[in-house]
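Below: the structure, in structure tokens.
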Amino acid sequence: MADFSFPYRIGSDGVTALVGRDEHVRDMIEQVLFTRKGERVNRPDFGAGVADLLFSENAPEMAAAVQHMVQSALQLWLAGVIEIRGVDARSEDSLLSVTVWYRMLDETTDRSVTLTRQS
């Protein structure tokens with residue numbers, strides 16, 4: 001089964017680009033993490049707003065806050081697709097790195113994805 005690629009693009013064959021299930025779930029996680037609250041007109045509460053924290057002070061409290069924000073946003077928006085197993089957030093200078101460990105609901109294998117953003 002294939003799903004639309006994110007961000008949306010036209011593939012080399014001239015039609016909507018498709019991705020497999022694993023890549024689609026990764027894309028959904030990325031959308032939730034880096035969408036700012038209020039960015040989507042019809043869903044103003046969608047997203048975790050992690051990108052807003054790129055210039056915050058790099059402190060243990062900030063990492064804990066990011067982990068909580070990410071875990072709660074993913075549980076809210078993707079609970080019907082994945083089970084969150086853990087979250088780790090790290091910030092170095094202007095690079096933010098978030099690792100999410102998860103399990104697809106219909107599988108028994110744990111997976112992880114690490115997403116980074118440079119300001």
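- Applying the side-chain contact (heavy atoms from CB on, under 4.5 Å) test between Q71 and each of Q75, H68, Q67 identifies Q75 as the sole match.
- Criterion: ILVMFWY side-chain heavy atoms under 4.5 Å apart, direct or through other members. Under it, V66 and L76 are part of a common hydrophobic cluster.
- Note that CE of M104 is 11.5 Å distant from CG of D110, once rounded to the nearest 0.5 Å.
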In a table with atom names and distances, give each donor-acceptor pair under 3.5 Å that connects a side chain of residues 29-42 to protein atoms at least two apart or in another chain.
| unit_1 | atom_1 | unit_2 | atom_2 | d |
| --- | --- | --- | --- | --- |
| E30 | OE1 | R26 | NH1 | 2.9 |
| E30 | OE2 | R117 | NH1 | 3.2 |
| E30 | OE2 | R117 | NH2 | 3.0 |
| Q31 | OE1 | R40 | NH2 | 2.9 |
| T35 | OG1 | Q31 | O | 2.5 |
| R36 | NE | D52 | OD1 | 2.5 |
| K37 | NZ | D45 | O | 3.3 |
| K37 | NZ | G47 | O | 3.4 |
| E39 | OE1 | R36 | N | 2.9 |

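- By the salt bridge (Lys or Arg N to Asp or Glu O under 4.0 Å) test, D22 is found to be paired with R111, residues two or more places apart in sequence or in another chain being considered.
- In this structure, I10 CD1 and S12 OG are separated by 11.0 Å, a value rounded to the nearest 0.5 Å.
- In plain terms, the two heavy atoms of E83 and R85 that are nearest each other are OE2-NH1, 2.9 Å.
- Each of L105 and V25 belongs to its own hydrophobic cluster when Ile, Leu, Val, Met, Phe, Trp and Tyr are linked at side-chain heavy-atom distances under 4.5 angstrom.
- The number of heavy atoms from other shown groups lying within 6.0 Å of CZ (R43) does not exceed 12.
- In this structure, Y102 has no ring pair (Phe, Tyr, Trp, His ring centres under 6.0 Å) partners at least two apart in sequence or on a different chain.
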